[in-house]
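In what follows, a single structure is set out as structure tokens and then discussed.
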Amino acid sequence: MGQVKEIIEKCERYIMNTYRRLPVVFAEGKGAKLFDIEGREYIDFVAGIAVNNLGYGHPKVVEAIKRQCERLIHISNLFYIKEQIDFAELLIENSPLDKVFFANSGAEAIEASIKLAKKITGRDVFISAYNSFHGRTFGALSLTGQEKYRKKFEPLMNRVKYVKYGNEEEIKEAINKKVAAVVLEPVQGEGGVIVPPEGYLKAVRDICDEKGVLLIFDEVQTGFGRTGKLFACQRFSVTPDIMAFAKAAGGGLPIGGIMAREGLEFDVGEHASTFGGNPLVCAAARASLLTILEENLPQRAENVGKWFMKELRRLSSVYEIREMRGVGLMIGVEFEKEIARKVVLNSLKKGLVLNNTYENVIRIVPPLIIEKEDLKKGVDIICEVGEDD
Ligand SMILES: *Cc1c(COP(=O)(O)O)cnc(C)c1O
């Protein structure tokens, strides 16, 4: 029996079947390339779901992790953690917000932002967008504006109103005296890479100010250079009151958290996390952020992304493309129904790692360090796959 087949069978035997996985087992990565256990090489357009912004094996991140794990991996927040404080300083200095709380994932970041908004405002209704994705825990799932994820788990937090993404008037109408916060992804990710209409986020900011409601941005996917600025809120020149981050924050190690504006904070005992901001993950996160800044990767995402959007137009000569959209290196290509998954599976066989999301969209979120040549080769492969059919 083949090694891959054996591994897949073991997975089915021991691991709960929550994921629709692609039939490949990776052993190694270098830059924006991956290698499976049989040594086959792949170009990576997924980056571990917008996590590996520096690609694989970046020496700065590897070195920081090696050094830190030999010294101190975990200690808990019963003590002051130098590595955590150093990362916080660098993060805050490069964001428009003032203070940070560290958790371990995107969903946890959203949970923290829900609790903080409730505590600060004393209100408990949230406004969220249809088609949004905020994570799988109870609070985060409640905010997620896609019924398919929620319906087997209801009742959830019942005080969420969903509005059409991109329409500020609906937000205006939905706000009343019970609303604590409006929660939005600055660009919807999992929902198919939806870029908001020009001026939308700014208009929502104004409405929130006028009505005295907090604005929470879920930058879990858009953060750390993905959209052409370090944070998407900087790209759109709109500062939220609270921002959730995770995915690319830890250079591949799990970390999430929230940043908030001065004066919006928890007090002792109101929130906590055993692992949150531990020395190892913070050393990796700081090395990763320093590198993103030193290598000017947000700007690179912007420049390369612009070029790549043009390159992707070649797909239109092979496929019926419904739409192509994106900012920086966060791009969605919407195919005709049923086609996207087929493209993903067939591209994998030719050495390109893709991800399809929201029915028929291929979400392209490669490492920000990927070479143009590899992006071009990736487009070649997607075209070939279409021509073969
Ligand atoms: C991935 C994601 C989450 C959830 O993050 P987890 O780390 O999987 O809990 C939340 N919000 C957005 C926008 C995401 O892309």
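Read the numbers this way: they start at 1 and go in the same order the structure lists the ligands and their atoms. In this text the structure is predicted, and so the values were computed from the model without any measurement.
Set against the non-hydrogen atoms of S105, the atoms of ligand 1 under 4.0 Å away are 7 (O), 9 (O). Every atom of ligand 1 is numbered from 1 in the order shown, and the set under 4.0 Å from a heavy atom of Q221 is 15 (O). Of all the atoms in ligand 1, the ones that sit under 4.0 Å from a non-hydrogen atom of G106 are 4 (C), 5 (O), 6 (P), 7 (O), 9 (O). Those atoms of ligand 1 that come under 4.0 Å of a heavy atom in E185, given as number and element, are 13 (C).
Nearest-residue assignment for atom 13 (C) of ligand 1 (options D218, L143, I255, V187; heavy-atom criterion): D218. Ranked by closest heavy atom to atom 15 (O) of ligand 1, the top entry among Q188, E108, K247 is K247.
Because its NZ or CZ atom is both nearer than 6.0 Å to the ring centre of Y149 and within 45° of the ring axis, R136 counts as a cation-pi partner of that residue.
For the 3.5 Å distance criterion, the side chains of Q188 and Q221 fail to qualify, holding no donor opposite an acceptor.
A salt bridge does not link E168 with K172: every distance from a Lys NZ or Arg NE/NH1/NH2 to an Asp or Glu carboxylate oxygen is 4.0 Å or more. Between D44 and K30, no side-chain nitrogen of the basic residue sits less than 4.0 Å from a carboxylate oxygen of the acidic one, so the salt-bridge criterion is not met. A salt bridge is absent between R67 and E70: the closest approach of a Lys/Arg side-chain nitrogen to an acidic carboxylate oxygen does not fall below 4.0 angstrom. Ion pairing between K119 and E270 holds under the 4.0 Å rule for side-chain N and carboxylate O. Salt bridge status for K377 with E373: present, with a side-chain N to carboxylate O gap under 4.0 Å.
With a heavy-atom cut-off of 4.0 Å, E219 does not touch ligand 1 at all. In A107, the parts holding a heavy atom less than 4.0 Å from any atom of ligand 1 are both the side chain and the backbone. The backbone of H134, and not its side chain, has at least one atom closer than 4.0 Å to an atom of ligand 1 (non-hydrogen atoms only; backbone = N, CA, C, O).
The nearest protein heavy atom to atom 8 (O) of ligand 1 is not closer than 4.0 Å.
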Exercise. Stepwise, does the side chain to side chain contact (heavy atoms under 4.5 Å, CB included) test hold for F231 with T222?
Worked result: CA-CA 7 Å; F231 296 102; T222 51; over 6 Å; no
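Ligand 1 has no nitrogen or oxygen under 3.5 angstrom from a nitrogen or oxygen of A246.
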